[in-house]
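Before any comments, here is the structure.
These numbers were taken from a predicted model, which means no experiment stands behind them. Here is the naming used below: chain letters follow the sequence lines, and residue numbers restart at 1 for every chain.
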There are 2 protein chains.
Amino acid sequence: MELRHLRYFKVVAEEGHITRAAERLSIQQPPLSLQIKALETELKVKLFHRRSRGVELTDAGAAFYADVCGLLAGLEEAVSKTKRVARGEQGNIAIGFTSSVIFHAATKKAIRSYRTAFPEIALSLEEDGSTELINNIAHNKLDAAFVRSNTSYVEGVRIHQMLEEPMHLAVPADHPLSIGSSKPIELAALSDQPLILYRRSSGPGLYDRIIAAYASAGLTPQIVQEAPRVGSALNLVAAGLGVSFVPQSLGAAHSEGVVYRPVECDPPLLAPIMLACRKSESSEAVKSFIRTARTAMGSRS
Amino acid sequence: MELRHLRYFKVVAEEGHITRAAERLSIQQPPLSLQIKALETELKVKLFHRRSRGVELTDAGAAFYADVCGLLAGLEEAVSKTKRVARGEQGNIAIGFTSSVIFHAATKKAIRSYRTAFPEIALSLEEDGSTELINNIAHNKLDAAFVRSNTSYVEGVRIHQMLEEPMHLAVPADHPLSIGSSKPIELAALSDQPLILYRRSSGPGLYDRIIAAYASAGLTPQIVQEAPRVGSALNLVAAGLGVSFVPQSLGAAHSEGVVYRPVECDPPLLAPIMLACRKSESSEAVKSFIRTARTAMGSRS
DNA sequence: TCCATGTCATATCTTTTTTATATGAATCAT
DNA sequence: ATGATTCATATAAAAAAGATATGACATGGA
């Protein structure tokens, strides 16, 4: 059976008349009769009563007609949907982010402007560590991810830097360093402070930058604890276990028992936000997401 | 576009490999490549990325694949449904009845046994006067109808008698004739009783039989009122406006203020139940309904 | 780096299928 | 009865699908 049979059948059913249907289909009557007969033979079902003044659907033919209309309409719908997806107007994409980037206004702005610009594309969001996110992109489980590292190079994944923000020092509210919180703190003042960092394995980016900053100031950090993610590091700070460095944007989120102070340091201690994506991305939807994000976040690279 | 394209596309999408897909389809690789390309050209959408180790769906291709699977499954479903309808196992039929026949146990039994025997066939039931029902059959708005007349002959409609039941006299409860209700009443005793009948135009069957019975007894009925249907005639009887004749089975339904008495009369005054249907019925579902009804109602004609 | 291998694309020929033309058979209306 | 209408059948022409042979291109191993 071919679509031709269904299309011909539909017109014949609507006209109740093979000759007129043939006209509407711009073919001659004999081939149309043959195609209808072939359809009946294949189904082993009589679809029309041959009357002297035309043809009339049998019960079975009427049932088939209803379904055929639906199928043909469904096909048209599928085709136009496919075209929309090809143009990048419809589809769905999966975006990942590390726990610390959602706090930054720019990532929220990026996602919001994409939703507005492409409302027909469903976004699914997933949180995980930088390493896992980048691996998921390589394995086609994610289309792009906001991360804080550019250190892990995975085959087929490219990482764009979107912006950098200063790192702030997070200190317990009752800690001596929390006094005069508006003035920057020099790194040297922290040499003997117990330091809380995040697990390097899931996000080496910030970890390495902090270690590097200590090193270039000629200091050795006293790491007392590794937290699985920034949020938990801040909880440990609030509990008084030590101090930590977090991206400035985190300050807005977690304030209970924690005081944030700018850090004086050369080169400045910065936390980047990067967008990881495939080196050769084929999906229009994903490409437009990357474009939107770069515009919204003011990335010029 | 033809179903072939969709079927081929589906297999290629599943295999991710044109050569293997061609094997599964029992054709050679070059024609399959051509058909896929033709499909892409017609849709003006690239459905596959050509990779060195095979092919891979594009976003648009993946969207199309999902829809194509649904459509092909839908087609199979439509075909098997059509076959079921052709075998008379599925479908829907429209049955009419006059207001007076549903009170008879035999019609309820007929409908019930049909529902049991063919649960997949939807029955739609409609009540109207005999004349209207029979016209509706001729105009294909109904498939069959239980009526009480065989007097109206409409082109293309055949009427089978299913059974006959005696007519009873309905008298007001406070009427002298209601005394001794178990004994039959002779027609002669009614010569000067005001008579209520139903409108002849919508159901000439019973009307004519009653008039004929009076005539053969040498009496002239004193018709005081015509009711639109049996139910309303009984209401008029209950109100004391006169007496009426109704099929025995009606006694079960309407008893408030009405007493029913058998009628002594030669030839006996009988109310038939007929089944009207098309002279040449083509639907298996309707044919099986007629068969079931005749069996359930004990018609031997 | 080069070659063997695997994979899709292209070219050409064969076969099948679809369509067109001509005509027949059946039914209905005048 | 006859002419018109409509579907069916027969046969010829055109189009399309499929087969075979081969090319182009990338990949992975020696």
Pair A:R87 + A:E89: basic N to acidic O under 4.0 Å: yes
Rounded interatomic separation in angstrom, taking CG from B:L3 and C1' from C:dT18: 16 Å
Distance in angstrom units between B:I36 CD1 and D:dA17 P, rounded: 12 Å
B:E284/B:K287 salt bridge by N-O under 4.0 Å criterion: yes
Atom-to-atom span, CG of B:L34 to P of C:dA9 - whole angstrom: 9 Å
Charged N-O contact under 4.0 Å between B:K37 and B:E42: no
Pair B:E14 + B:R24: basic N to acidic O under 4.0 Å: yes
Stretch residues 17-32 of chain A: residues that reach within less than 4.0 Å of DNA chain D through a heavy atom: A:H17, A:I18, A:T19, A:Q29, A:P30
salt_bridge(B:E164, B:R209) N-O dist < 4.0 Å: yes
Spacing of B:R4 atom CZ relative to D:dG18 atom C1', expressed in whole Å: 10 Å
Crowding at NZ, B:K279 (>12 non-hydrogen neighbours, <6.0 Å): yes
Residues touching DNA chain C, which here means a heavy atom under 4.0 Å, drawn from residues 43-53 of chain A: A:S52
Pairing of B:E40 and B:K46 as salt bridge, 4.0 angstrom limit: no
Salt bridge A:E77-A:R84, side-chain N to carboxylate O under 4.0 Å: yes
C:dA9 OP1/OP2 closer than 4.0 Å to side-chain N/O of B:S33: yes
Whole-Å gap separating P (C:dT17) and CD (B:E2): 14 Å
Presence of A:K37 side-chain N/O under 4.0 Å of D:dT9 phosphate oxygens OP1/OP2: yes
